[in-house]
Amino acid sequence: MDGAAPNAAAGSGATAETQPHLILIDGSGYIFRAFHALPPMTRPDGVPVNAVFGFSNMLGQFLTKHVGSHIAVVFDSSRKTFRSDFYPDYKAHRPEPPPELVPQFALIREATAAFGVAGVELDGFEADDLIAGYAKAFVETGGQVTVVSSDKDLMQLVRPGVQLLDPIKQKPIREPEVLEKFGVTPDKVVDVQALAGDSTDNVPGVPGIGIKTAAQLILEYGDLEGLLAAADKIKQPKRREALLANAELARISRRLVLLDENCPLPSPIDALLARAPEPTRLSGFLREQGFRSMLHRMGLDGDTAPESAPVSRPRQAFQLPGLQPEAAAPEPVSTEAAPFGPYETIADPAQLAGWVAKAQASGLLAIDTETDGLDALNANLVGISLAVAPGRACYIPLRHGPPPGTGDMLQEAPVAPPQMTQDQAVEALRPLLADPSVLKILHNAKFDLEVLGRAEHGALQLSPVDDTMLISYSMDAGRHGHGMDELSLRHLGHRPVSYDEVTGTGRARIPFTQVALDKATAYAAEDADVTLRLWQALRPKLLPQKSLALYEQVERRMVAVLREMELAGIKVDGAELARIGEDFTQRMATLEKQIHELAGKPFNVGSPKQLGEILFDEQKLPGGKRGKAGAWGTDAAVLEDLAARGHELPRQVINWRQLAKLKSTYVEGLAAQIDPRDRRVHTDFSMAITSTGRLSSTEPNLQNIPIRSEEGVRIRRAFVAEPGHVLLAADYSQIELRLLAHLADVPSLRDAFEKGEDIHSRTASDIFGLPRDQVDKEARRRAKTINFGIIYGMSAFGLAARLGISPGEARGIIDAYFSQYPGILEEMERLKSEARETGYVMTPFGRRLWIDGIQAKEQARRGNAERAAINAPFQGGAAEIIKRAMVRMPAALKAANLSARMLLQVHDELLFEVPQGEVTATAECVRSVMEGVAELRVPLKAEIGFGANWAEAH
DNA sequence: TACATCACG
DNA sequence: GACGTACGTGATGTAC
């Protein structure tokens, strides 16, 4: 805080009074610093404000120290700039701003205005261009300019009358500083940058040339064109070749870095005149944000009404110089929350425009869609609800018809309620939904994105998006469900109107299109309201719960990936299914006849109850056990046991059941799911169902398509590639056992994986004390059973049952296993006690998996929970690994210029549809993504196959 | 709607 | 000494 006031520094004796002085603040730089320097802070209503706070503080501090005749904060406009027109990659790999920052952009513009400072931005131009434009114009009128920024791209502007001010070091940057940084005078900076490039902005430059070399060349040849003209005379062969080969790239680079000082100026210079902030406006703004300490510091808190301070969650102590975060305050004391309703019904575009403006201003928008079905690829859009703040929500009906029973039976035709057309709503919403400065919040975003993205619904695209279901799942998997109603009750203490309440149930149920608008609004708008409030309640918990990275990097990114997969679907040969079905039908009929003869009477083979009575009551076969309901158990293990004793009836029932299962579920069930438009089946992946972090798949479930039996393989063959394509399957090999070797750090298992040896043979050798080359099939089979059993928390009893040996023998094997691999025993115990003490276990990548029942008094229930606790990190860790591969896959394929589509995920397998000519390259790309996705103590391995159908691809 | 069964990893 | 006995899913048919 020395006296490096720009007016004194720039004006060489001149004062602010005598010479015009324009201060241009680089808004993005301020925002970025403020956001990253401060811990998360939220207003009492949950809106994040740490960047707003930091920005306001920095701007306020600046104004107290520096005086200029003119001042403006210059912002980047959200849209693309003219640079991407001639070089699409420019700044293309910039990550989206973090979701907590998104709603703050609008508030920061408000803050600027509240401080009485002009805010300047222009579509199609970067802040740097506007800064260049204003600087040039101002200098031409004889004024001085100070640009508050440390961005090196702005150094090209330094000249007599124009200087930069480093906002962190409070140090002016003039010609000597530029010379030090670039090795050339400011007027040559762009030529140096053209050669050196800039990886963060994707400015290519000339490969192999950095700033030092570039400066040397420019000093020698004057400028870029001079250098390129003389390039063939350069002595160093590498440098010469690089320059000759990349001359055009260098010219493009120069255009990219050269600021457009002739850009249009959105406000006249007079509009940038410095003026004192209007106290009521400033205090109003600060009070709205809850910035009490700042109000106080500025002496603006004289007669303020009591209000609550923002909730601050300082995580690590960090302060900007002269900038104090607000004191930590307790959770907002339940100031009476906004009521849930009444909500507004929107019938015309003018009304909607008001809501769009509100969302634009707040930067936050919760959205929910109402449809006439749960199948996102087929359901029709019935209405859209929006929420912009707690309690402020509306419903836009689009396809509501007359409610039932309206209209006169005799004459009057039933009348649909007033509503705007879908086109009107879609066009009003489209810019808002795409606006990168407005965060869209949804619950189960994948569904709404699929519905709104369909062409017949206007092909709406939403970005950026947060998903409250996934936020909840990231922290609380296994703890409870993640449906909106359940979360509302749990976190907001509010039971929303249920769907059944508005549509009725059973025979009396009416389609949502016929629900009267007042009821529909009460239901639909409330869902958007609840979604917004859930976001406010849950989103701030991600960081302290250490689940933020998982949510941001995995779950949030999975939405788009799964959406593409569901949309793609997989082709199923319906004619082949029909042939299989006929064959099964015939064979079942034959079997049924035999079974009835063996039973001595006809009965329903599909009825376990009737079968049990025949087997155990009538025929008195041994080994019958009754289940919960008192019925005889007749599952495959029981029947298999009887069959092994030579009984024919159970054998044939086993065969019949296999065919019945395949026929009903996979032949008929699947055929019914083929979409006639593309002859493909489109599953719905559920992202927040499992207790371990796995996906699940429904309608149809494409994660349990048969493969293990010969008959099953026939069904899998009906999953085919389009003509000219193949299916490519990539499986993680032994992923859970690799995680076991990693987590328990087992030297022998690590060694086996490292060397690519058969892991079960290694285990057999270790626990049975056999030399590696003397492990026979039976020993390997036993070792395999125990290896998998371990991951499932199996007991000696269970192992005995599986291996058909006595519990004593099984105990001996388990003892040998744990004495060979003591790290595994330790890890099992550690997981049980972690679950007991905390209620959860962690996956290797930081997902918290809650274990239900771990504290139960009933031994059986607790035993179940302990086994779940042992299994969860392995199953969950594997799920994490494949999800990470999936979120990386689309970009990797694109970068390799491959057009393969990812179709399915089956827990440790990814299935792709690949153009025939790209198979080898795709296999390599997929392998490298899958194997490179995590660094464990053992290597990851992906096994890849391909073929005309899914069976062949294995 | 509950249960049993069985398809997958 | 008894208890129960390998984790995680979803779809189907029967019986109530």
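Side-chain atoms are counted along with the backbone in the values below, which use heavy atoms only and exclude waters and symmetry mates. The chains referred to below are lettered A, B, ... by the order of the sequence lines, with proteins before strands, and numbering in each begins at 1.
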Given [options], which nucleotide is nearest the side-chain atoms of [X]?
X: Asn701(A); options: dA6(C), dC7(C), dG10(C); answer: dG10(C)
X: Ser607(A); options: dT14(C), dG9(B), dT5(C); answer: dT14(C)
X: Lys661(A); options: dA6(C), dC6(B), dA15(C); answer: dC6(B)
X: Thr692(A); options: dG8(C), dA6(C), dG9(B); answer: dG8(C)
X: His907(A); options: dT5(B), dC16(C), dG9(B); answer: dG9(B)
X: Asp635(A); options: dT5(B), dC8(B), dA11(C); answer: dT5(B)
X: Tyr792(A); options: dG8(C), dG10(C), dG9(B); answer: dG9(B)
X: Glu699(A); options: dA11(C), dT5(B), dG8(C); answer: dA11(C)
X: Arg867(A); options: dT5(B), dA6(C), dG8(C); answer: dA6(C)
X: Asp908(A); options: dA11(C), dG9(B), dA6(C); answer: dG9(B)

Under 4.0 Å between a Lys/Arg side-chain N and an Asp/Glu carboxylate O for [X] and [Y]?
X: Lys609(A); Y: Glu613(A); answer: yes
X: Asp500(A); Y: Arg509(A); answer: yes
X: Arg563(A); Y: Glu566(A); answer: no
X: Arg645(A); Y: Asp641(A); answer: yes

Are OP1 or OP2 of [N] and a side-chain N or O of [X] less than 4.0 angstrom apart?
X: Ser686(A); N: dT9(C); value: no
X: Ser696(A); N: dG10(C); value: yes
X: Arg694(A); N: dT9(C); value: no
X: Thr690(A); N: dC7(C); value: no
X: Gln875(A); N: dT9(C); value: no
X: Asn604(A); N: dT14(C); value: yes

Over all strands shown, is [X] touching base, sugar-phosphate only, or nothing at heavy-atom distances under 4.0 angstrom?
X: Ile707(A); value: sugar-phosphate
X: Ile791(A); value: nothing
X: Phe788(A); value: base
X: Thr665(A); value: sugar-phosphate
X: Glu736(A); value: nothing
X: Thr785(A); value: base
X: Gly789(A); value: base

### Query
Watson-Crick or G-U wobble partner for dT5(B), using a 3.5 Å limit on both distances?
dA11(C)
### Summary
Mate of dA2(C) across any strand shown (Watson-Crick or G-U wobble, both atom pairs under 3.5 Å) is none
Rounded to whole Å, how long is the line connecting atom [atom1] of [X] with atom [atom2] of [N]?
X: Lys663(A); N: dA11(C); atom1: NZ; atom2: C1'; value: 15 Å
X: Glu909(A); N: dG9(B); atom1: CD; atom2: P; value: 8 Å
X: Asn864(A); N: dA6(C); atom1: CG; atom2: P; value: 9 Å
X: Lys784(A); N: dG9(B); atom1: NZ; atom2: C1'; value: 13 Å
X: Tyr473(A); N: dG8(C); atom1: OH; atom2: P; value: 12 Å
X: Phe603(A); N: dG13(C); atom1: CZ; atom2: P; value: 18 Å
X: Ile654(A); N: dA7(B); atom1: CD1; atom2: P; value: 11 Å
X: Trp850(A); N: dC7(C); atom1: CH2; atom2: P; value: 22 Å

### Query
Among Leu936(A), Val938(A), Ile791(A), which one satisfies side-chain contact (heavy atoms from CB on, under 4.5 Å) with Leu739(A)?
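Among Leu936(A), Val938(A), Ile791(A), the one meeting side-chain contact (heavy atoms from CB on, under 4.5 Å) with Leu739(A) is Leu936(A).
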### Query
Among Thr698(A), Val561(A), Leu904(A), whose side-chain contact (heavy atoms from CB on, under 4.5 Å) with Phe685(A) holds?
Leu904(A)
#### Entry: Check: dA7(B) base within 3.5 Å donor-acceptor of Arg708(A) side chain
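No, no donor-acceptor pair under 3.5 Å.
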### Message
Once hydrogens and angles are ignored, does a donor-acceptor distance under 3.5 Å link the base of dC8(B) to the side chain of Gln703(A)?
### Response
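Under the 3.5 Å cut-off, the side chain and the base do not form any donor-acceptor pair.
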### Exercise: do Asn787(A) and His760(A) side chains pair donor with acceptor under 3.5 Å
yes
#### Entry: Nearest-angstrom distance, P atom, dA4(B) to dG4(C)
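Pairwise P distance, dA4(B) against dG4(C), rounds to 15 Å.
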### Query
Rounding to the closest angstrom, what is the interatomic distance between dG9(B) and dT5(C) at atom P?
24 Å
### Query
Between His954(A) and Phe946(A), is the gap from one ring center to the other below 6.0 Å?
no
